[in-house]
Amino acid sequence: MKNVLLHANLIRILFMKKIIFTVLFCVALVAGYAQTQPMKFLGVSMNSTMSTFVSKLKGKGFVEDVSHTKPNYTVMKGTFAGERVKVEIRSAAKTHLIYKVDVYFNMSTQFTYPDLQDRLSGKYGEITQEVNNIKGEPVYVKYTSDYSKWQTDTDTLTQGFNTIILSKCSYHSTSPVVISYIDGKNSKVEALEVNSDF
């Protein structure tokens, strides 16, 4: 009888260990997945090099404007939300990973700032920050009078938020609004690279 009880307890302990191991494995898997959520632009991961990213956008009908392209900076033209747009892509100097994509709408765009704000809110949820008619320009959104900001997934290692910023342009003569897609992890890496020499 003692052996039967001992055997039953041993089975119970092994079963509990298996359950605990499975739960810990799932938690680690979820944490790893959250850690590696890159920002996407048109379904293309920004956690890629400039050449890979540009190649994938070419596959979506975008054309590179080689007259304005320079190291770690590429300009492309194509269709976004049914509109002809200019896209500026920036990558970090050392890792060459994409950290920012700016979408410039033409002056003839059918979209107003509130239209785009509604569309972005519908996809990304509530605005995390909104500034209207500011006099002093914030450092990270140059030359804009109004902007709205959304934060999505965060990288658990760098604590960098993926961010979308909709800006009204007071400085750009050919674009009334710009949407900026910023990869949290890669923008932190880029900032560290830029500041490493100081």
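Heavy atoms only: backbone and side chains are in, while hydrogens, waters and symmetry mates are out.
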Between Leu97 and Val54, is there shared hydrophobic-cluster membership here, with clusters defined by ILVMFWY side-chain heavy atoms closer than 4.5 Å?
no
Smallest separation among heavy atoms of Met46 and Asp183, with atom names:
CE-N, 3.8 Å
Nearest non-hydrogen partners of Lys40 and Tyr181, listed with the distance
O-CD2, 4.1 Å
Do Val101 and Tyr99 sit in the same hydrophobic cluster, where Ile, Leu, Val, Met, Phe, Trp and Tyr count as joined when their side-chain heavy atoms come under 4.5 Å apart?
no
Let me check something: any side-chain donor-acceptor pairs from residues 107-114 under 3.5 Å, sequence neighbours excluded? List them with distances.
residue, atom, partner, partner atom, Å
Thr109, OG1, Glu83, OE1, 3.0
Thr109, OG1, Phe111, N, 3.1
Gln110, NE2, Glu83, OE2, 3.3
Thr112, OG1, Asp115, N, 3.2
Thr112, OG1, Asp115, OD1, 3.4
Thr112, OG1, Asp115, OD2, 3.1
Tyr113, OH, Tyr147, N, 3.4
Tyr113, OH, Ser148, N, 3.2
Tyr113, OH, Ser148, OG, 3.0

Going hydrophobic residue to hydrophobic residue with side-chain gaps under 4.5 angstrom, can you get from Val87 over to Val177?
yes
Tell me who clusters with Val75, hydrophobic residues only, linked when side chains sit under 4.5 Å apart either directly or through other members.
Tyr73
Is there a donor-acceptor contact under 3.5 Å from the side chain of Asn72 to the main chain of Arg90?
no
For Glu64, run the salt bridge (Lys or Arg N to Asp or Glu O under 4.0 Å) check against Lys77, Lys58, Lys86 and tell me which one passes.
Lys58
Apply ring-ring contact (aromatic ring centres under 6.0 Å, His included) to Phe62 and Phe53, showing your working.
CA-CA 11 Å; Phe62 279 76; Phe53 192 78; 9.4 Å; no
With a 4.5 Å limit on heavy-atom distance, are the side chains of Phe41 and Ile98 in contact?
no
Grab the two heavy atoms, one from Gly184 and one from Asn162, that are nearest each other, plus how far apart they are.
N-OD1, 2.8 Å
So does Arg84 get a backbone contact from the side chain of Asn106, meaning a donor-acceptor N/O pair under 3.5 Å?
yes
Could you state the interatomic distance from NZ (Lys56) to OG (Ser45), rounded to the nearest 0.5 Å?
7.0 Å
Looking at every heavy atom in both Ile127 and Gln117, which two are closest together, and how far apart are they?
CD1-NE2, 3.6 Å
Modelled atom types, side-chain donor and acceptor of Thr49 and Thr52, under 3.5 Å
yes
Kindly indicate whether the side chain of Leu57, heavy atoms from C-beta on, has any atom under 4.5 Å from the side chain of Thr74.
no
What verdict does the side chain to side chain contact (heavy atoms under 4.5 Å, CB included) test give for Met76 and Asp65, after you've listed the backbone C-alpha separation in whole Å, the side-chain angles of each residue and the deciding distance to 0.1 Å?
CA-CA 5 Å; Met76 300 186 84; Asp65 183 350; over 6 Å; no
Could you walk me through whether Met39 and Ile164 pass the side chain to side chain contact (heavy atoms under 4.5 Å, CB included) test, one step at a time?
CA-CA 9 Å; Met39 174 63 82; Ile164 300 99; 3.7 Å; yes
Derivation and outcome, side chain to side chain contact (heavy atoms under 4.5 Å, CB included), residues Leu116 and Phe105:
CA-CA 11 Å; Leu116 292 172; Phe105 287 82; 4.0 Å; yes
